[in-house]
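I have placed the structure first, in the form of structure tokens, so that the comments after it can refer back to it.
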Amino acid sequence: MPVRQFPPSFLWGAATAAYQIEGAWNEDGKGESVWDRFSHTPGKIEAGHTGDVACDHYHRMPEDVALMKSLGLKGYRFSISWPRVIPAGRGDANPKGLDFYDRLVDELLAAGIFPNVTLNHWDLPQALQDEGGWANRDIAGWFADYAKVMFDRLGDRVTMWATHNEPFVVAMVGYGTGRFAPGISDLSQAHRAVHHLNLAHGRAVQAFRSGGYEGRIGIVLDLHNYEPASPSPADVAACQRAQEAAQNVFLDPIFKGRYPTALFEWIKPVAPPIEPGDMDVISQPIDFLGMNHYFTFLVSYSKDGPTNSQQVFKMANGWTSSQTGWGVNPAGLTAVLARIRTEYGNPPLYISENGTATADGVSPDGKVHDDFRTRYLREHLLALHDAMQAGSNIKGYFVWSLMDNFEWASGYRPRFGMVHVDYETLKRTPKQSAFWYKQVIEKNQVSEQE
Ligand code: FCB
């Protein structure tokens, strides 16, 4: 059977985020986050779910690391809860919160698993939101101070840092549509948030460089694939705008030191103020790009919406996840990677998230038969390999997610894990896809057929 071989040093891992798995939302001195506040507000989350307990990872961390080891993972991407380590967002740190991440890192290293740490996976301290959150320019400094606390505490053992996870979602879904925390619907705040997220990223990179820490720092962006729905000039232009609004607003400042001009012209009335020197701060060189990838959008012109575009999912052979409605199109991964290679200088890149939601349950035979997930992962790894053969500089791949968890506004319904979590008993059961992934890691290869 034909197989695709990956390079010897390829980093195979799985990813999670603090709010989605930790629980212990108000224990050991942790401060409130915007997601605590949002999920405690009636009507915001499906079925009224909250992350109060989630997977109870805060209390089951050693067991979870042992599970990762048993599945053969080489890397683990997790995030730090900012309000767990600095309850008010700035000022005093919380020793017990810092201890938790200390222990997690030690446990991972003892298990031979490489830690990949994200500083902002959305759970902003509520105390900072009370001062405007990402819409307040001062946050760039608050974030850099928090980043420094973490570099100082974990920098002797952690050598891979990402500043933000999907800043587009923070800005546009948190402050634009308001579907996610903090639930604000105001485009002018959303565009300010974009710029302040960029600035905060740049300030954290500066703090990392000036502190002389060992290791690498980068950012994680959601880089889905955008295709015009038709060759009509209106659809092509709408596609360009949608892509610029979601991707170029983060990629261009970092890699090219400027914002996309056509887009800024389009959003003029709500464009964020940019001060002299800002672009120099943002365009500090980074060591790697993290890319989350799930789907392809077909984009057409629409008279509504901030970028006058409408997006629907492309489905290869009608393939879709029933739990999220996200279309599946593996070739889209190869296409985005080609764009990053040709337009952004082919930076060292990690797929920091990729995966799918399936309505899994434990069968009478004690197994979880998630064939859909295995097929999704296989096809995406083949698409990734295609990009590597074409010259993309891919260093590793992280499945979203290690285990089923709190999927933001959709609550616990979509199950993205390679490990099933019974939310009554919190029992973990590796799904069949986890065993499949284990042998991928062991052999360092993916077979072309099932
Ligand atoms: C990404 C998020 C991650 C998870 C997956 C399904 O947008 O970064 O936390 O929710 O989607």
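Counting starts at 1 for both ligands and their atoms, following the listed order.
- A salt bridge does not link Arg375 with Asp370: every distance from a Lys NZ or Arg NE/NH1/NH2 to an Asp or Glu carboxylate oxygen is 4.0 Å or more.
- The shortest contact between atom 5 (C) of ligand 1 and any protein heavy atom is with Tyr294 OH, 3.3 Å.
- In terms of polar-atom proximity, His121 is counted as a contact of ligand 1, with an N or O under 3.5 Å from an N or O of the ligand.
- Residue-ligand proximity, Asn165 to ligand 1, at heavy-atom distances under 4.0 Å covers atoms 8 (O).
- For ligand 1, the atoms lying closer than 4.0 Å to a non-hydrogen atom of Glu407 are 4 (C), 6 (C), 10 (O).
- Across Lys431, Arg413, Lys367, a single residue satisfies salt bridge (charged side-chain N to carboxylate O under 4.0 Å, His left out) together with Asp360, and that is Lys431.
- Distances between N or O atoms of Trp408 and those of ligand 1 include at least one value under 3.5 Å.
- Residue Trp122 has no nitrogen or oxygen atom sitting less than 3.5 Å from a nitrogen or oxygen atom of ligand 1, judged on distance alone.
- For the pair Arg90/Asp145, no side-chain contact is recorded, criterion being any heavy-atom separation below 4.5 Å from C-beta on.
- Using cut-offs of 30° and 60° for the angle between ring planes, the Tyr259 and Phe264 rings count as parallel.
- By the 6.0 Å and 45° rule, Arg77 does not stack over the aromatic ring of Tyr350.
- Of all protein heavy atoms, the one lying nearest to atom 2 (C) of ligand 1 is Glu353 OE1, 3.3 Å.
- Each of the following atoms of ligand 1 lies closer than 4.0 Å to a heavy atom of Phe416: 6 (C).
- Of all the heavy atoms in His224 and His293, the pair that sits closest is CA-ND1, 3.7 Å.
- Applying the salt bridge (Lys or Arg N to Asp or Glu O under 4.0 Å) test to Arg179 and every residue at least two apart in sequence or in another chain returns nothing.
- Annotation: atom 7 (O) of ligand 1 to nearest protein heavy atom, Glu166 OE1, 2.6 Å.
- Residue contact check for ligand 1: Val169 places no non-hydrogen atom closer than 4.0 Å to it.
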